Amino acid sequence: MTFDQILFYCLAAIAIISALMVITRRNPVHSAMFLITTLFSVAGIYLQLHAEFLAAVQVIVYVGGIMVLFLFVIMLVNLEVVSTERRFNKQWIIALIASAVLLVEFGYVIVRGGKSSLLPPVTGPAQDLTRKNSEQIGLMLYQNYMLPFEIASLLLLVAIIGAVILAKRRLASDK
Amino acid sequence: MADVEEKVITALHDHDTFLDSSELIINMGPQHPATHGVYRVRLHLDGEKVLGAESYIGYLHRGVEKLGEHGDYRHYGPILDRMDYVASVSNNLGYCEAVEKLLGVQIPPRAQYLRVILTELQRIASHLVWLGTHAMDIGAMTIFLYCFREREKILNIFEKYFGARLTTNSFRIGGLQFDTYDGFEAECLDFCNDFPRRIAEYEQILSDNRIWIGRTRGIGILKAEDAIALGVTGPVLRGSGVKFDIRKAFPYECYADLDFDIPIGEMGDTYDRYLVRNEEMRQSRRIVMQAIEKLPDGPIMGKVTKVIRPPAGEVYHAIEAPKGELGFFVVSDGTTTPYRTRIRPPSFVNLQALPPMVRGQLVADVVAIIGTIDIVLGEIDR
Amino acid sequence: MVTTTEYLILAAALFTIGVIGVLTRRNIIIIFMSIELILNAVNINLVAFSNYWQQFTGQIYALFVITVAAAEAAVGLGIIIALFRNKETVNADEIDLLKW
Amino acid sequence: MVEYFLIPAVQILIIFLVLLLFVAYATYLERKVVAFMQVRLGPMRVGPYGLLQPIADAVKLMFKEDIVPAGADKWIFMFAPVITMIPAFTVFSVIPFSDSHTTVFGYPVHLYITDVNVGILFVLALSSIGVFGIILGGWSSNSKYPLLGSLRSAAQMVSYEVAMGFAIVSVLIYSRSLSMIDIVNAQKDMGWWFAVIQPIGFFIYLICGVAETNRAPFDLPEAESELVAGFHTEYSGFRFAIYFMAEYANMILISSIAATLFWGGWLSPFPNVKALSFLQVVPGVVWFFLKVFFFMYLYIWLRATLPRFRYDQLMRVGWKYLIPISIGNVILTAVLRLYFRT
């Protein structure tokens with residue numbers, strides 16, 4: 001087993017265990033903590049895949065931005081009753097069965113795909129992922145993917161406005 | 001008044017909060033760095049916005065009023081030192097004058113001037129404590145130590161004169177116990193000559209500071225009519241633009257002979273009160289300098305019998321203490337013990353203005369407003 | 001050397017866990033977190049394929065997914081706050097009216 | 001093996017220990033400097049001139065009882081200070097103290113732990129984690145003042161991070177690299193510190209840096225007069241010490257980044273002026289620490305001088321002034337860079 005593999009299995013184990021914790025913890029703050037752990041190990045996996053820029057973005061945006069927002073909202077809507085309530089909804093057995101089916105499907109596809117090498121071979125000139133990662137991503141974003149980039153920015157703008165309007169306190173005159 | 005009360009009550013039952021669910025109730029105090037003692041204010045918050053406030057007092061209650069009815073007239077003085085403990089001298093002045101009024105005693109001019117000098121120095125010291133703690137509440141920590149540096153000079157004079165720094169006591173019914181020590185005048189003048197430079201220093205740090213202005217301008221506005229309705233006195237009243245000072249309105253001691261101005265504010269916000277108190281320190285300095293110049297020779301004790309036995313009757317006498325009108329209502333039944341000693345402490349009455357002032361402000365402003373009212377818990381709880 | 005298949009297995013596991021979370025939990029905030037898990041699983045796939053083909057496209061796609069996740073979290077949490085304000089609950093199965 | 005594991009491990013250990021010492025003496029520096037500004041002496045009792053005061057403080061805090069409030073979320077409460085401290089110390093692994101290197105036992109050793117090509121992103125990423133320790137510490141205390149403090153700090157740190165990021169971007173436009181070493185070298189090539197080229201970005205970074213570390217006048221999360229001690233009201237003993245250390249480590253960190261990005265890191269002042277080349281006799285490390293010291297002094301100076309902002313004023317400054325100005329600065333810089341390509 002190489003160092004690479006040991007690292008991968010550690011990260012994967014952390015990711016999966018904490019993901020399981022996310023969906024089983026009673027307290028949303030604990031769930032959020034474990035989600036942060038998952039996000040970190042996913043960032044580590046990005047590093048293994050030579051995506052340094054993406055790993056940094058993952059931590060900055062997900063951990064530093066989205067999860068702070070999550071914690072903020074959890075604290076705002078903090079209910080005392082949460083700790084005594086049922087955790088799962090009534091149809092959880094059906095949900096588990098459905099998910100099991102999904103997992104089996106995934107497993108089948110991956111095992112089959114892995115064995116018969118269904119993945120098409122590399123097409124086009126290979127790009128060197130290891131050199132100047134952020135610079136190359138930047139160039140591609142602003143040249144090849146200009147339109148999606150602009151659309152993404154528009155989406156964020158819409159999200160900002162939408163979030164503000166949704167969360168805004170309703171004025172007395174509106175009621 | 002009823003209007004103000006109405007506002008406070010509606011504030012407490014107004015449930016228009018951020019999540020339309022529950023308001024947050026915070027107990028500020030009795031253990032809190034910014035409540036200036038063991039004072040507790042219960043804040044009803046919507047996020048950071050204050051919906052209402054209720055004061056809970058009495059943590060420092062020592063039965064000062066009741067103690068006055070158990071000793072003879074002279075014994076009350078040292079107890080009163082502990083009332084407004086940052087302005088002990090003023091407490092004694094009010095009480096002694098009330099009893100003198102009851103007795104009908106005239107005190108000698110030298111004693112009058114000395115009393116004025118000492119109480120005005122005490123006013124400066126008290127205002128310095130106020131400025132230091134107020135600025136510290138708002139986050140400017142250095143000014144606190146600068147203020148205490150100057151206060152130290154006053155306390156050194158006090159220590160030499162009274163033999164004590166905090167609970168000073170030399171005012172007696174009929175005059176003073178001690179005459180001045182050698183060099184008293186020189187030391188007072190020395191302080192007064194140095195003092196304008198120091199006030200300029202404080203104002204240089206604070207007055208034009210944009211953060212300071214942002215934290216005090218328009219915060220805790222008390223309109224003149226509200227201030228009068230609430231019975232507020234002292235710098236808080238004058239900050240609201242009402243030109244009322246007992247030293248001018250009902251001159252006692254030798255204030256009629258002295259020349260000084262009464263500064264008033266315009267808007268009645270925290271910044272105005274800050275300016276008013278700063279100006280009051282300057283005016284007190286003026287008074288001290290004039291009084292030292294005019295200080296007559298002569299006895300320091302009037303004609304008072306060994307045992308004080310005022311004729312049956314009652315008297316109310318108020319002085320302008322650093323924090324406002326400090327009134328003493330003394331009832332005599334003709335014996336050597338007062339029948340009733342009722343105190344009207346300025347902090348207690350001024351504190352009433354807190355709930356209407358903090359309504360609609362933010363949590364951070366509450367400490368600024370508590371600071372600007374300038375309360376001393378020893379005086380509130382008595 | 002870690003093969004692409006192993007990354008895909010990890011992604012599949014995370015995806016399924018996310019789906020279980022969405023389907024079984026009552027607390028809407030945790031449902032949201034499960035959705036983040038699903039998005040992350042997808043991102044792992046994208047980046048793994050990007051590594052396999054030695055192309056940046058996958059990474060850039062993942063970048064867009066993160067952008068969408070950010071937008072989604074902002075709006076979603078806004079909805080939760082609005083919901084909580086009106087219904088005083090964050091349980092998905094108690095929010096069963098189309099209009100109130 | 002030695003090159004990949006042993007040397008970095010030793011380097012990390014040395015830098016960690018040196019940093020701990022720096023953090024301890026940063027508290028001493030602060031107390032002394034503030035004391036002198038306030039016409040008093042500061043710590044004088046422990047050791048000559050109170051020099052052993054930080055050690056005495058550390059010992060005291062170690063032996064204090066570690067109180068966990070009733071109803072607190074015990075695990076999160078115990079873990080939260082560590083979350084704040086770890087990133088504060090980890091970020092120093094990409095701070096270049098100097099570019100000079102020596103040979104130890106035949107192996108080349110640099111005066112920095114590592115140089116990664118996403119250096120500044122790494123810094124931003126890790127510094128955005130520190131806020132969790134504050135939020136969780138405040139939340140898990142099961143007390144109202146800490147909760148208010150942590151909500152304040154969450155909002156504050158998230159909003160000021162935006163402007164700070166844009167201030168850094170304006171530097172990156174000139175440096176054309178995210179690596180900390182390359183950023184300093186770019187300043188060497190240009191012959192100017194970026195603070196001269198990017199004054200607006202520099203000031204925005206400074207303001208945001210003070211706000212990020214929750215220091216006066218932006219010390220709302222721990223505003224003593226309002227929220228008692230903010231998010232760490234319920235903490236005592238060693239856990240409080242960890243928060244305290246993290247705060248000072250963050251101050252040193254922000255100062256180091258300011259020195260690296262805007263004041264040319266280990267470069268001597270005006271590296272291109274021939275007449276000043278004698279300054280290069282002084283080793284780069286010394287220049288670096290002098291610069292860091294200056295920024296630390298600035299922190300203390302601000303604390304001794306300014307009153308505290310109010311929460312809404314803070315948000316207004318952040319969102320209405322700093323962020324628009326910093327975005328405008330980035331656009332202006334980009335346009336200038338495009339038209340005056342050098």
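Here is how names work: the chains are called A, B, and so on, in the same order as the sequence lines, proteins then strands, and each is numbered from 1. Fair warning: this is a prediction, and the values are worked out from it, not measured in the lab. Hydrogens, waters and symmetry mates play no part in the numbers below; they use all other heavy atoms, side chains included.
Distance check: A:Ile45 CD1 to C:Asn43 CG gives 12.0 Å after rounding to the nearest 0.5 Å. One finds the OG atom of A:Ser18 at 9.0 Å from the CG atom of C:Leu37 (value rounded to the nearest 0.5 Å). A distance of 8.0 Å separates CG of C:Asn27 from OG of A:Ser31, quoted to the nearest 0.5 Å. Taken to the nearest 0.5 Å, the CE atom of C:Met33 stands 13.0 Å off from the CZ atom of A:Arg25. In this structure, A:Phe70 CZ and C:Leu77 CG are separated by 5.0 Å, a value rounded to the nearest 0.5 Å. Between C:Ile20 atom CD1 and A:Ile23 atom CD1 the span is 5.0 Å, to the nearest 0.5 Å.
Heavy-atom distances place no part of A:Ser153 under 4.5 Å from chain C, backbone and side chain included. With a 4.5 Å cut-off on non-hydrogen atoms, A:Phe72 does not touch chain C at all. Using a 4.5 Å cut-off between heavy atoms, C:Val22 does not touch chain A at all. For A:Leu35, the part lying under 4.5 angstrom from a heavy atom of chain C is the side chain only. Contacts between A:Ala32 and chain C at a heavy-atom distance below 4.5 Å involve backbone atoms as well as side-chain atoms. Using a 4.5 Å cut-off between heavy atoms, C:Glu36 contacts chain A through both its backbone and its side chain. Both the backbone and the side chain of C:Ile9 come within contact range of chain A, judged by heavy atoms closer than 4.5 Å. In this structure, the portions of A:Val22 lying under 4.5 Å from any heavy atom of chain C include both its backbone and its side chain. Of the atoms belonging to A:Thr38, it is side-chain heavy atoms, and not backbone ones, that fall under 4.5 Å from chain C. In this structure, chain A has a heavy atom under 4.5 Å from the side chain of C:Ile30, while its backbone stays farther away.
Each ring-ring contact (aromatic ring centres under 6.0 Å, His included) pair with one or both residues in residues 59-78 of chain C, not counting sequence neighbours, would appear here, but there are none.
C:Gln59 and A:His50 make their closest contact through NE2-O, 3.3 Å (heavy atoms, listed as atom of the first residue, atom of the second, distance).
Within the 4.5 Å cutoff, no side-chain heavy atoms of A:Leu103 are placed close to those of C:Phe15. A:Val42 has its side chain within reach of C:Leu14: a pair of non-hydrogen atoms, C-beta onward, lies under 4.5 Å apart. Taking the side chain as every heavy atom from C-beta outward, A:Tyr145 and C:Leu63 never approach each other to under 4.5 Å. Within the 4.5 Å cutoff, the side chain of C:Leu39 has heavy atoms near those of the A:Tyr62 side chain.
Contacts with chain A were tallied for C:Ile79, C:Leu10, C:Thr24; C:Thr24 has the most, counting heavy-atom pairs under 4.5 Å. When the candidates A:Leu54, A:Leu155, A:Ile151 are compared by the number of heavy-atom contacts under 4.5 Å with chain C, A:Leu54 comes out ahead. Ranked by heavy-atom pairs under 4.5 Å with chain A, the list C:Ala70, C:Gly18, C:Ala13 is led by C:Ala70. Of the listed residues (C:Thr67, C:Val75, C:Val19, C:Val47), the greatest number of heavy-atom pairs within a distance under 4.5 Å of chain A belongs to C:Val47. With chain A as partner, the option from C:Ile31, C:Ile44, C:Ile80 having the largest number of non-hydrogen pairs under 4.5 angstrom is C:Ile44.
Side chains of C:Asn51 and A:Gln48: no donor on one and acceptor on the other come within 3.5 Å.
Remark: C:Tyr7 pairs with A:Phe8 by the ring pair (Phe, Tyr, Trp, His ring centres under 6.0 Å) rule, at least two apart or across chains.
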